[in-house]
Amino acid sequence: MIRKITGFVALSVILQADPYILGQGVYIDKMLTVGGYFSTEFESKESQETFRIDDVAIMAYGELNPTFSYLAELEAIGFYSKNFSTGNESGSQKFHVERFYGDMWLMDAFNIRFGKQITPIGYWNTEPINVLRDTTSNPLYSKLLFPKFLTGIDINGYILQTEGMHYHLFGQKNQDLDEEYINIPNEHFFGLSIENEFSSEWNGGGSVGEYITLTDQRTRFAQANVKYDDTQWQILAEGMITDSKYSNQESAHAVSGYVQGMYRYTLKHAFVGRYEYFNDHYSKYEDTIGTFGYSYRPLYPVSLKGEYQWHSLSDENRFLFSFSVLF
């Protein structure tokens with residue numbers, strides 16, 4: 001059976017001190033485990049071909065006592081890039097704070113996470129590490145419609161002690177911990193998300209919220225997601241609609257979503273297909289994207305992926321290949 005891992009933190013529950021196991025970090029003691037990951041990417045479009053060392057990250061996490069744990073992650077994105085069409089090379093080796101938070105585990109119904117953390121919305125956004133995803137590319141929905149991170153507080157737990165229904169009540173009323181490393185800088189971000197496990201194969205949920213950008217764009221959103229997974233087949237669907245008011249007093253809405261199917265041919269081989277739609281009425285940007293890809297994992301923490309994307313904006317069609325490793 002293929003292990004379902006929703007994030008790097010989940011790996012800490014199966015850490016072993018010795019010997020080192022790829023993907024589980026270097027265990028020093030229960031207060032400190034050090035790990036990391038990197039990913040490379042090759043992109044081929046009609047106009048250019050580019051190789052990138054896209055992500056290089058270092059992570060540390062541990063348990064300070066039975067009720068308090070932490071995670072710190074520094075990442076350099078766009079570490080190195082070479083455009084084979086022009087010969088130009090570029091990149092930034094500056095590491096940014098991607099995550100830095102503490103967890104207070106109090107009870108099943110009420111726990112607190114504070115600091116810079118992943119916004120707990122849907123499936124795609126809550127899995128930030130390339131090697132654990134099933135495609136190299138990310139749906140536009142997950143990049144353009146809401147802040148991927150928040151620097152604030154997330155109160156979470158199970159509703160009415162029902163283990164199948166989990167909630168997140170989150171908020172931020174301050175600057176981001178690292179404003180150079182967030183897709184939508186803001187000082188106001190509040191939301192509620194709920195996810196319910198209907199059975200061993202089905203779960204789903206949704207979220208609502210509001211954020212105000214540093215340019216005074218106020219956006220309210222509603223989101224829904226559903227997943228089916230029987231270990232051989234997996235189907236994901238997520239969608240969001242937003243309503244925004246801009247500093248020039250104009251109002252507009254955006255809508256986006258995707259449906260993705262994956263067939264695990266064997267433990268190591270999988271085929272993936274995704275259809276997505278994005279339409280922002282304010283920027284007049286509309287695109288429909290079809291993606292077909294293949295994923296090979298010789299080991300779970302090592303991933304080789306290839307895919308082709310068809311865009312309704314034809315000059316955006318591209319091949320993508322990636323190699324990524326979790327240490």
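Computed from a predicted model, the values in this text were never measured in an experiment.
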Within the structure provided, determine whether Tyr277 and Val255 are in side-chain contact (heavy-atom separation under 4.5 Å).
yes
Aromatic rings Trp233 and Tyr263: how do their planes relate, parallel, tilted or perpendicular, breaks at 30° and 60°?
tilted
Would Asn125 and Ser142 count as a side chain to side chain donor-acceptor pair (under 3.5 Å) here? Give the steps.
CA-CA 6 Å; Asn125 192 60; Ser142 68; over 6 Å; no
With a 4.5 Å cut-off on side-chain heavy atoms, are Leu74 and Arg99 touching?
no
N/O donor-acceptor pair under 3.5 Å between Thr33 side chain and Gly62 backbone
no
Checking Thr219 now: which residues fulfil side chain to side chain donor-acceptor pair (under 3.5 Å) with it, not counting sequence neighbours?
Gln217, Ser244
For Gln223 and Ser207, indicate whether the former's side chain and the latter's backbone hold a donor-acceptor pair under 3.5 Å.
yes
For Asn225 and Tyr123, which I'm curious about, is there any donor-acceptor pair between the side chains at under 3.5 Å?
yes
Where do Glu127 and Ile129 land on the side-chain contact (heavy atoms from CB on, under 4.5 Å) test, with the steps shown first?
CA-CA 6 Å; Glu127 185 50 86; Ile129 301 176; 4.0 Å; yes
Can you check whether Phe327 reaches Phe38 side chain to side chain, under 4.5 Å on heavy atoms?
yes
When the ring planes of Tyr246 and Tyr282 are compared, do they come out parallel, tilted or perpendicular, using 30° and 60° as the limits?
parallel
Assign the ring pair Phe319 / Phe321 to parallel, tilted or perpendicular, where the plane angle (0 to 90°) is split at 30° and 60°.
parallel
Strictly distance-based, threshold 3.5 Å: is any side-chain N or O of Glu276 a donor or acceptor partner for the main-chain N or O of Leu140?
yes
So, Arg264 and Asp230, do they make that salt bridge, N to O below 4.0 Å?
no
Distance under 6.0 Å and angle within 45° of ring axis: Arg274 vs Trp124
yes
Sequence neighbours left out, what passes ring pair (Phe, Tyr, Trp, His ring centres under 6.0 Å) with Phe84? Give chain and number order.
none
Taking the six-membered ring for Trp, are Phe221 and Phe146 parallel (under 30°), tilted (30 to 60°) or perpendicular (over 60°)?
tilted
Any donor-acceptor N/O pair, Asn83 side chain to Thr50 backbone, under 3.5 Å:
no
Taking the side chain as every heavy atom from C-beta outward, state whether Asn186 and Ile212 have any atom pair closer than 4.5 Å.
no
Applying side chain to side chain donor-acceptor pair (under 3.5 Å), run through Thr215 and Thr213 and close with a yes or a no.
CA-CA 5 Å; Thr215 59; Thr213 71; 2.9 Å; yes
Check step by step if side chain to side chain donor-acceptor pair (under 3.5 Å) holds for Glu89 and Tyr80.
CA-CA 7 Å; Glu89 296 179 282; Tyr80 170 79; 2.3 Å; yes
Does one side chain, of Thr86 or Gln48, offer a donor that lies under 3.5 Å from an acceptor on the other?
no
Please assess Tyr258 against Glu238 for the test side chain to side chain donor-acceptor pair (under 3.5 Å), listing each intermediate value before the final yes or no.
CA-CA 6 Å; Tyr258 73 89; Glu238 299 188 61; 2.4 Å; yes
Residues Glu179 and Pro185: closest non-hydrogen pair is O-CG, 4.4 Å
How far apart are the closest heavy atoms of Leu145 and Ala254, and which atoms are they?
CD2-CB, 3.9 Å
Are Arg318 and Glu316 close enough for a salt bridge, meaning some N to O gap below 4.0 Å?
no
Please determine if Lys94 and Glu180 form a salt bridge, counting it only when a charged side-chain N lies under 4.0 Å from a carboxylate O.
yes
Using 4.0 Å as the upper bound for N to carboxylate O, is an ion pair formed by Lys30 and Glu63?
no
Give a yes or no on whether the backbone of Ile194 and the side-chain of Asn196 come within a donor-acceptor separation of less than 3.5 Å.
no
Do other residues, nucleotides or ligands put more than 12 heavy atoms under 6.0 Å from the CZ atom of Phe100?
no
SB check Glu187 Lys173 (cutoff 4.0 Å)
no
Taking the side chain as everything from C-beta on, heavy atoms only, tell me whether Phe323 gets closer than 4.5 Å to Phe42.
no
Is a side-chain donor or acceptor of Lys305 paired with a backbone partner of Arg133 at a separation under 3.5 angstrom?
yes
In the structure I gave you, are the side-chain heavy atoms of Ile112 and Asp103 within less than 4.5 Å of one another anywhere?
no
Would you please classify the geometry between the Tyr294 ring and the Tyr296 ring as parallel, tilted or perpendicular, with 30° and 60° separating the classes?
parallel
Ring centres of Tyr20 and Tyr27 under 6.0 Å apart?
no
Centre-to-centre under 6.0 Å for Tyr70 and Tyr101, is that the case here?
no
Using the test side chain to side chain donor-acceptor pair (under 3.5 Å), find all partners of Arg297 that sit at least two apart in sequence or belong to another chain.
none
So, the side chain of Thr119 versus the backbone of Pro147: is there a donor-acceptor pair under 3.5 Å, distance only?
yes
CG-OH distance between Leu71 and Tyr61, expressed to the nearest 0.5 angstrom:
8.0 Å
Answer yes or no: is there a donor N or O on one side and an acceptor on the other, between the side chain of Lys148 and the main chain of Ile184, under 3.5 Å?
no
Kindly write out the residues that satisfy side chain to side chain donor-acceptor pair (under 3.5 Å) with Thr151, not counting sequence neighbours, or none if the list is empty.
Asp176
Taking side chain as C-beta onward, heavy atoms only, is Phe149 less than 4.5 Å from Gln117?
no
Considering only heavy atoms from C-beta outward, does the side chain of Ser324 approach that of Ser303 to under 4.5 Å?
yes
Suppose the criterion is salt bridge (Lys or Arg N to Asp or Glu O under 4.0 Å): which pairs have a residue in residues 211-226, not counting sequence neighbours?
Glu210-Arg218, Glu210-Arg220
Spell out, as yes or no, whether a donor-acceptor pair under 3.5 Å connects the side chain of Asn317 to the backbone of His311.
yes
With His96, which residues qualify under side chain to side chain donor-acceptor pair (under 3.5 Å), at least two apart?
Asp178
Given 3.5 Å as the limit, does a donor-acceptor pair link the side chain of Gln93 with the main chain of Phe79, or not?
yes
Provide the closest heavy-atom pair for Gln309 versus Thr291 in the form atom of the first, atom of the second, distance.
CG-OG1, 3.4 Å
Does a donor on one side chain sit under 3.5 Å from an acceptor on the other, for Asp229 and Gln234?
yes
Got a second to check how far Glu43's CD is from Ser322's OG, nearest 0.5 Å?
12.0 Å
Can you confirm whether Ile155 is buried at CD1, in the sense that more than 12 heavy atoms of other residues, nucleotides or ligands lie under 6.0 Å from that atom?
yes
